[in-house]
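Here's the structure, in structure tokens; my notes come after.
Below, chains carry the letters A, B, ... as their sequence lines are ordered, and counting in each starts from 1. Bear in mind the structure is a predicted one, so any value in this text is a computation, not a measurement.
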Number of protein chains: 2
Amino acid sequence: MTEAVRRSRDSGATRQALIAAARELFEEKGYGGATVRAIGERAGVDPALIARYFDNKEGLYLATLSDESDQATVKYAGLDPEEIVDRLFHRWDERGRTPVARAMASAELDDEVLEQIRALVRLRLRGPLAEGLEKAGAGSRSDLIGEVLIGAVLGICVTRANGALPVLSEAEADEVAALVRKIAGSMIG
Amino acid sequence: MTEAVRRSRDSGATRQALIAAARELFEEKGYGGATVRAIGERAGVDPALIARYFDNKEGLYLATLSDESDQATVKYAGLDPEEIVDRLFHRWDERGRTPVARAMASAELDDEVLEQIRALVRLRLRGPLAEGLEKAGAGSRSDLIGEVLIGAVLGICVTRANGALPVLSEAEADEVAALVRKIAGSMIG
DNA sequence: CTACTATGTCATCAAGTGATGACATCAATC
DNA sequence: GATTGATGTCATCACTTGATGACATAGTAG
């Protein structure tokens with residue numbers, strides 16, 4: 001029987017605690033800024049267990065990406081491009097930088113990370129986006145247009161979060177969202 | 001007499017060599033990834049001189065930002081918004097990430113860095129952009145719209161450079177530029 | 001020539017990093 | 001309850017980093 005017993009020593013729970021703590025700290029400090037000691041402390045777990053369960057720090061990082069990918073229950077399929085872009089903006093804007101968004105905004109990407117990012121984007125974002133764009137008559141390069149929109153939203157959210165563009169940072173989310181929708185709309189005609 | 005003698009020991013030349021090497025390495029590796037030893041080596045200069053001339057690594061980083069600001073001879077004043085955005089895109093796209101662009105895309109910004117970025121953006125980018133937008137009849141929030149455009153271009157250039165969005169990365173610059181112009185145009189009507 | 005300052009060189013420190021392996025302890029199985 | 005594998009703890013290593021200060025040398029002024 002596989003009972004859902006709450007064991008005092010539960011490797012699964014430890015794994016999840018580490019992933020959750022890692023996601024938080026990677027969001028806050030970035031990959032380099034988050035130390036394995038800090039992650040272990042926040043998870044209430046000995047840092048050495050990172051090596052046991054994820055080989056090393058990078059393995060844990062990849063695990064956070066997979067985890068986010070799994071939890072991306074938001075379905076964009078079948079929506080208007082403007083609606084997709086609107087929701088994407090709100091998601092990235094509210095939740096701060098998810099590991100995925102943060103990775104996408106970073107300068108150079110490790111090969112494995114790049115692979116995960118691309119798969120996630122293709123399935124969850126660009127796919128539905130391109131589909132909606134075609135349906136709306138965006139013409140041939142709907143894949144490219146979809147990615148341009150994703151990149152644009154990412155840049156807006158990043159600069160909005162870090163304060164580099166003060167007016168944008170202080171604007172109401174809805175006002176910015178309206179502009180983002182406008183951008184999406186302009187790609188269709 | 002202040003002659004332009006080429007001295008074998010020239011603190012000015014040393015400073016410039018350090019700034020140039022630092023800019024390159026900050027572009028390639030980011031702030032954390034560029035070590036003072038690597039900067040010194042590329043500059044052909046002992047790393048200890050960083051401390052002498054710029055106090056510490058962060059001082060050198062700020063110096064690279066000022067330097068880029070000084071060298072930003074590109075004048076956007078008086079141009080159409082679409083034209084400004086087009087040139088901004090090409091600049092960031094060709095030259096790779098300048099220190100400024102890289103800083104704008106980073107997650108959290110140090111106070112001093114933030115200050116420099118904001119000043120640079122206000123003077124060189126958002127100012128002319130907002131002016132052009134108003135002239136074109138963009139309505140009230142031209143400051144906000146200008147910053148949204150800057151953020152969008154930044155995100156497009158960053159994702160284009162790091163390969164997170166493959167179609168965008170492989171597209172011709174001119175094709176992307178056309179879409180960027182389209183986005184700018186949509187903000188006016 | 002001498003002395004003095006600017007500039008450059010070098011060795012080294014203290015702190016922090018990720019990783020590792022020996023050891024301890026829990027919990028399931030017989 | 002003894003055995004055994006899974007899980008957790010701890011000390012420590014090897015390495016890198018930014019920074020510092022003592023020292024060396026060039027170039028100039030007197």
Side-chain angles (χ1 to χ4, degrees), chain A residues 1-26 28-65 99 106 108 110 112-113, chain B residues 1-26 28-65 99 106 108 110 112-113:
Chain A
M1 281 295 187
T2 59
E3 303 179 63
V5 183
R6 176 76 181 102
R7 288 177 291 177
S8 65
R9 291 189 160 193
D10 186 336
S11 63
T14 300
R15 275 189 161 86
Q16 283 309 312
L18 281 172
I19 288 178
R23 182 180 53 230
E24 290 179 19
L25 280 168
F26 286 147
E28 294 172 17
K29 316 268 187 180
Y31 181 80
T35 68
V36 293
R37 287 173 174 80
I39 293 170
E41 189 177 6
R42 181 165 303 194
V45 153
D46 191 286
L49 295 179
I50 292 174
R52 190 189 294 284
Y53 291 122
F54 304 97
D55 283 354
N56 48 34
K57 186 187 179 186
E58 188 182 332
L60 175 56
Y61 178 61
L62 289 170
T64 64
L65 292 184
S106 76
E108 70 279 344
D110 180 75
E112 291 186 76
V113 175
Chain B
M1 280 298 188
T2 59
E3 303 180 61
V5 183
R6 177 75 182 105
R7 288 176 291 178
S8 66
R9 292 189 159 194
D10 186 337
S11 63
T14 301
R15 273 190 162 86
Q16 283 309 313
L18 281 173
I19 288 178
R23 182 181 51 230
E24 289 179 18
L25 281 168
F26 286 147
E28 293 172 19
K29 316 268 187 179
Y31 180 80
T35 68
V36 294
R37 287 174 174 79
I39 294 171
E41 190 178 5
R42 181 165 304 194
V45 152
D46 191 284
L49 295 179
I50 292 174
R52 188 188 293 285
Y53 291 122
F54 304 97
D55 283 354
N56 48 34
K57 186 187 179 187
E58 188 183 331
L60 176 56
Y61 177 62
L62 289 171
T64 64
L65 292 184
S106 76
E108 70 279 344
D110 179 74
E112 291 186 77
V113 176

Original post:
In Å, rounded to the nearest 0.5 Å, how long is the span from CD of Q16(A) to OG1 of T14(A)?
Top reply: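 The distance works out to 10.0 Å.
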
Measure the distance from [atom1] on [X] to [atom2] on [N] and round it to the nearest whole Å.
{"X": "R52(B)", "N": "dG21(D)", "atom1": "CZ", "atom2": "C1'", "value": "11 Å"}
{"X": "L49(B)", "N": "dA6(C)", "atom1": "CG", "atom2": "C1'", "value": "11 Å"}
{"X": "I50(B)", "N": "dG18(D)", "atom1": "CD1", "atom2": "C1'", "value": "9 Å"}
{"X": "L25(A)", "N": "dG18(C)", "atom1": "CG", "atom2": "P", "value": "11 Å"}
{"X": "Y53(B)", "N": "dA6(C)", "atom1": "OH", "atom2": "P", "value": "10 Å"}
{"X": "D10(B)", "N": "dT5(C)", "atom1": "CG", "atom2": "P", "value": "20 Å"}
{"X": "R9(A)", "N": "dA6(D)", "atom1": "CZ", "atom2": "C1'", "value": "8 Å"}
{"X": "D46(A)", "N": "dT12(D)", "atom1": "CG", "atom2": "P", "value": "15 Å"}

Subject >> Residue whose nearest DNA chain C nucleotide is more 5′ - D55(A) or G33(A) >> reply: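 Per heavy-atom nearest nucleotide, the more 5' residue is G33(A).
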
**OP:** Could you check A48(B) against V36(A) and say which one's nearest nucleotide on DNA chain C is further toward the 5' end?
**Re:**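 It is A48(B) whose nearest nucleotide is closer to the 5' end.
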
**OP:** Pick base, sugar-phosphate or nothing for A34(B), based on heavy-atom distances below 4.0 Å to the nucleic acid.
**Re:**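 If one applies the 4.0 Å heavy-atom cut-off, A34(B) turns out to touch the sugar-phosphate alone, with no base involved.
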
Subject >> R15(B) and L18(B): CA distance, side-chain angles, deciding distance, side-chain contact (heavy atoms from CB on, under 4.5 Å) verdict >> reply: CA-CA 5 Å; R15(B) 273 190 162 86; L18(B) 281 173; 5.9 Å; no

Original post:
Has T14(B) got a side-chain N or O lying under 4.0 Å from the OP1 or OP2 atom of dG8(C)?
Top reply: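 Checking T14(B) against dG8(C): at least one side-chain N or O falls below 4.0 Å of OP1 or OP2.
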
Original post:
Is the phosphate of dA6(D), meaning OP1 or OP2, less than 4.0 Å from a side-chain N or O of S11(A)?
Top reply: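 Indeed not, no polar side-chain atom of S11(A) lies that close.
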
Subject >> Stepwise side-chain contact (heavy atoms from CB on, under 4.5 Å) test for I19(A) and L60(A) >> reply: CA-CA 7 Å; I19(A) 288 178; L60(A) 175 56; 4.2 Å; yes

**OP:** Over 60° means perpendicular and under 30° means parallel, so classify the ring planes of F26(A) and Y31(A), tilted if in between.
**Re:**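 Y31(A) vs F26(A) ring planes: parallel.
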
